[in-house]
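Have a look at the structure below before the remarks.
All heavy atoms count here, side chains included; hydrogens, waters and symmetry mates do not. Here is the naming used below: chain letters follow the sequence lines, and residue numbers restart at 1 for every chain.
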Protein chains: 2
Amino acid sequence: MAQTVLNSRAPSILVAMATSGGKHPRSDSKTKNSGQHITIREVAKAAGASVSTISAALNNSDYVSAEMRSRIQGAIKQLKYRPNDLARGLRLQKTHTIAVIVPDLSNNFYVDVVRGAKDYSTSANYTVLVGDSREKWDEERDYLDSFHRRRVDGVVRVPAMDALTKKMKPILGNIPWIYADRYPASGDSSVGRVGIDNVVAADNATRYLLSLGHRSIGIISGDISSGTSADRLEGFLQALRAANIRPDRSMILAGHNDIESGHKHAMQLLQRAQRPTAIFCTNNMMALGAFAAIQELGMRCPEEISLLGFDDFYWSTLLRPTLTVVRQPAREVGMIAARMLIDHVEGRSPIETPVLLATQLIVRDSCSPPRQMNA
Amino acid sequence: MAQTVLNSRAPSILVAMATSGGKHPRSDSKTKNSGQHITIREVAKAAGASVSTISAALNNSDYVSAEMRSRIQGAIKQLKYRPNDLARGLRLQKTHTIAVIVPDLSNNFYVDVVRGAKDYSTSANYTVLVGDSREKWDEERDYLDSFHRRRVDGVVRVPAMDALTKKMKPILGNIPWIYADRYPASGDSSVGRVGIDNVVAADNATRYLLSLGHRSIGIISGDISSGTSADRLEGFLQALRAANIRPDRSMILAGHNDIESGHKHAMQLLQRAQRPTAIFCTNNMMALGAFAAIQELGMRCPEEISLLGFDDFYWSTLLRPTLTVVRQPAREVGMIAARMLIDHVEGRSPIETPVLLATQLIVRDSCSPPRQMNA
DNA sequence: AATAAATGCCGAAACGTTTTGGCAAAATTG
DNA sequence: CAATTTTGCCAAAACGTTTCGGCATTTATT
């Protein structure tokens, strides 16, 4: 058992032999096909039929006699024939493929969006390609470009945070796309968008905090180039106004939807002389950052500070305290996005857009009434 | 069970739904191309050159004059031409694409594997397709089939747990594949495999528990149809033997690498009359399940029970206690798998296989010396 | 200056499918 | 039984690239 143990750093590249030999070794003289894969042509030969008949049998339409059909099946099985989707897509001018690009696959919310899109697509006989931009426009652009070159039939897009102002038409051309979850404040769109009703979600969440007695609430929201973040902030403010509380601008911080900015801004809020009694984070990563900040400062949650997050994790209940969050129907967002996109692609009449799904406030342990003011 | 479609109020965008009319508007009578995308042919026309010259310029090889080249660039930019990778792949009999299939994208370990593979591939001018089998062979097979039909140049495979006995050749044909992380006990392989040295990783981890004074250690390992799990169990036993401890078979439980089986088996271990003082879980999901079980039973960790896991999470430090784990270089596993696969695809001489990377024991708070026996 | 070689470009043939129009034979009709 | 339709199959033309062999020019070599 010769086991090579490589240091993870080891860059050792064992190099190149001659690339391609001068001669192309044509081994089989029987069939014209030179290479790797068996083609419909070889199936035809084996079944004693013509190429077009094989194709007809494959797309089981048309007139193919039962006998011929079974002969073809036999040949296919025996040769282990697999259709070439490149050729198919080229000829058909249709790939039966959609792409889904999300900003962060390590965020389970987006994994669920992807899975939703995948499941719907599968049921509609489409396959999906997934991209993971890691919140970087450059990566997103590269993915979109690649999707374009592969001629996907459409894309479900959750833009990276720094990509919200980018124009899509130059990148995607005629390929339709739909926004899921996030969407740009500027209304560049193609098929529409699906997400949640961010305003009412944030409004409800904030009302919950108010109902507990909180009057001084900090919010760590996303960048307002995102319509999503803007809406959540809007909902927050709306709830405050409804309760006749004047929002304190210094309590409103714009993060970047990642752990770091959640942490940074929570630190900032918590170390003020007049600190809030509750913090509302408008996405899950920032909530995690805030959670960490609270732990670091040794503050007791929820006794000293309440924390309200967005999006649920499957491991939310393992944290102490367990996290109270606004749960979004991630999977449904993905499913509906895929559905709308595919409907559009297939020329079916579109449903109204934007589609806004309802959220749910999952009350757990991280929020409680604030301590007495002078405690 | 979210409520669906609530359009209620249209917040920012009223969105014109001017999508496709019933008729297909054939606007351009000039070019032969009927449809969506601009082709190299139209670029040729615009640049006043032949198709083959455009191609030559594109693959910037060959003899193309500077003047012609810039004229072509101009036409490309103006028409927003994007090469069609379907046609390209068909002609070239090579897609410059590899696929990566992992069993669970909601497990961050695999996200990192994917990202590693993606980053290496990008640097080598390959793109990657990712599949997420959710631990189900059926889904994995469908993905592999799709990859085959797309004629990917190779696949990095982390098999689903119930897929370890399946033969690949019938599915993938001549497409080469490499195992990453998990591998089947039966040595069906193509390019080789890359992972960690599971035996020594588990051995080291176990020795650590022994060094703390634990003598009664439960292990929740994966199914032994997985070579990976078998190796980890082997390392565990090896460490016990080296310490002259006779392994207690009833302390060895085979889980399924998911939260549920971690939970179930931990419950079982913890509710025995003679319960272990430490539990070793050989993957991260099972560790989480065990963690939950401990919390549920209201046991104090590490005082009453030590817990040692596999794989790190980015949020491991948010749990209380923080988790002591064996950290695997997930990203490197992905990178090296991609490297070996691409090397193979391009006919370079392969490095020795299997490639086994070193792990690291991350000591945090979930393990401590056991309480006095009679406490 | 005559020849050879390099340069710059092009037409046509693939790559593996699907589709269209056609052609026989069989089945149906009058 | 003749005329028609249906059935079963096939050949060839696309789809958008790359590559191979040519063919003119120009440039280099005697």
Side-chain angles (χ1 to χ4, degrees), chain A residues 20 22-24 26 31-72 75-76 79 81-96 148-151 153 173-174, chain B residues 31-72 76 79 81-96 148-151 153 173-174:
Chain A
S20 58
K23 305 300 178 190
H24 296 245
R26 298 282 151 104
T31 68
K32 211 168 77 191
N33 180 311
S34 63
Q36 295 276 68
H37 304 275
I38 18 172
T39 76
I40 208 177
R41 194 163 275 109
E42 319 183 44
V43 174
K45 181 162 300 184
S50 82
V51 167
S52 31
T53 303
I54 310 295
S55 177
L58 243 32
N59 308 299
N60 53 355
S61 52
D62 276 337
Y63 305 109
V64 184
S65 69
E67 189 253 351
M68 172 99 291
R69 199 177 286 274
S70 80
R71 234 165 49 205
I72 291 178
I76 286 180
L79 297 178
Y81 166 76
R82 287 284 183 290
N84 183 328
D85 272 352
L86 302 176
R88 205 146 186 282
L90 180 59
R91 172 62 228 238
L92 257 25
Q93 295 290 84
K94 175 125 179 42
T95 52
H96 272 270
H148 190 171
R149 290 196 309 264
R150 284 179 202 281
R151 298 298 189 262
D153 296 327
N174 290 323
Chain B
T31 67
K32 208 168 77 189
N33 181 313
S34 62
Q36 295 277 67
H37 303 276
I38 18 170
T39 76
I40 208 177
R41 192 164 276 110
E42 318 184 44
V43 174
K45 182 162 300 183
S50 82
V51 167
S52 33
T53 303
I54 310 294
S55 176
L58 243 33
N59 308 298
N60 52 355
S61 54
D62 277 337
Y63 305 108
V64 183
S65 69
E67 189 252 350
M68 171 100 290
R69 198 176 288 273
S70 79
R71 233 167 48 206
I72 292 177
I76 287 180
L79 298 178
Y81 167 75
R82 285 284 184 291
N84 183 328
D85 272 353
L86 301 176
R88 207 150 185 279
L90 181 58
R91 172 62 230 236
L92 255 25
Q93 295 289 85
K94 174 127 180 43
T95 52
H96 273 270
H148 189 172
R149 290 196 309 264
R150 285 179 201 280
R151 298 298 190 262
D153 296 326
N174 290 322

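- When the P atom of C/dG16 is taken as reference, atom NZ of A/K45 falls 13 Å away, rounded to whole Å.
- As a whole-Å value, the separation of B/Q36 CD from D/dG16 C1' is 15 Å.
- For A/S52 and A/S55, the side-chain atoms include no donor-acceptor pair closer than 3.5 Å.
- For the side-chain contact (heavy atoms from CB on, under 4.5 Å) with A/H37, the lone residue among B/R149, B/Q93, B/H148 that qualifies is B/H148.
- Atoms CG (B/N59) and C1' (D/dT19) sit 10 Å apart, rounded to a whole Å.
- Look at CZ on A/R82: it is 20 Å from C1' on C/dC15, rounded to the nearest Å.
- Taking atom CD1 of residue A/I76 and atom P of nucleotide C/dT17, one finds them 10 Å apart after rounding to whole Å.
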Using a cut-off of 4.0 Å between protein heavy atoms and nucleotide atoms, how would you tag nucleotides 3-9 of chain D 5' to 3' with B, S and -? ----SBS

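- Listed by chain and residue number, A/E67 satisfy the salt bridge (Lys or Arg N to Asp or Glu O under 4.0 Å) test with A/R71 (two or more places apart in sequence, or in another chain).
- Residue B/I72 contributes atom CD1, which lies 13 Å from atom P of C/dG8 at whole-angstrom precision.
- Looking at A/T39 and A/N84, their side chains never come closer than 4.5 Å, going by heavy atoms from C-beta outward.
- Straight-line distance from the CG atom of A/L58 to the C1' atom of C/dT18: 11 Å, rounded to whole Å.
- For the pair A/I72/A/T53, a side-chain contact is recorded, criterion being any heavy-atom separation below 4.5 Å from C-beta on.
- B/Q93 has a side-chain polar atom (N or O) that falls below the 4.0 Å cut-off from OP1 or OP2 of C/dG16.
- Within the structure, every side-chain polar atom (N or O) of B/T39 is placed at least 4.0 Å from both OP1 and OP2 of D/dG16.
- Sorted by residue number, the members of residues 84-92 of chain B with any non-hydrogen atom under 4.0 Å from DNA chain D read B/N84, B/A87, B/R88, B/R91, B/L92.
- Checking D/dT17, C/dT17, C/dT18 against the side-chain heavy atoms of B/Y81 singles out D/dT17 as nearest.
- A/I38 has its side chain out of reach of A/V43: every pair of non-hydrogen atoms, C-beta onward, lies at least 4.5 Å apart.
- When every heavy atom of A/R151 is checked against every heavy atom of B/R82, the shortest pair comes out as NH2-O, 2.7 Å.
- As a whole-Å value, the separation of B/H148 NE2 from C/dG16 C1' is 13 Å.
- For the pair B/I76/B/L58, a side-chain contact is recorded, criterion being any heavy-atom separation below 4.5 Å from C-beta on.
- In terms of heavy-atom proximity, B/A47 sits nearest to B/M68 at O-CE, 3.8 Å.
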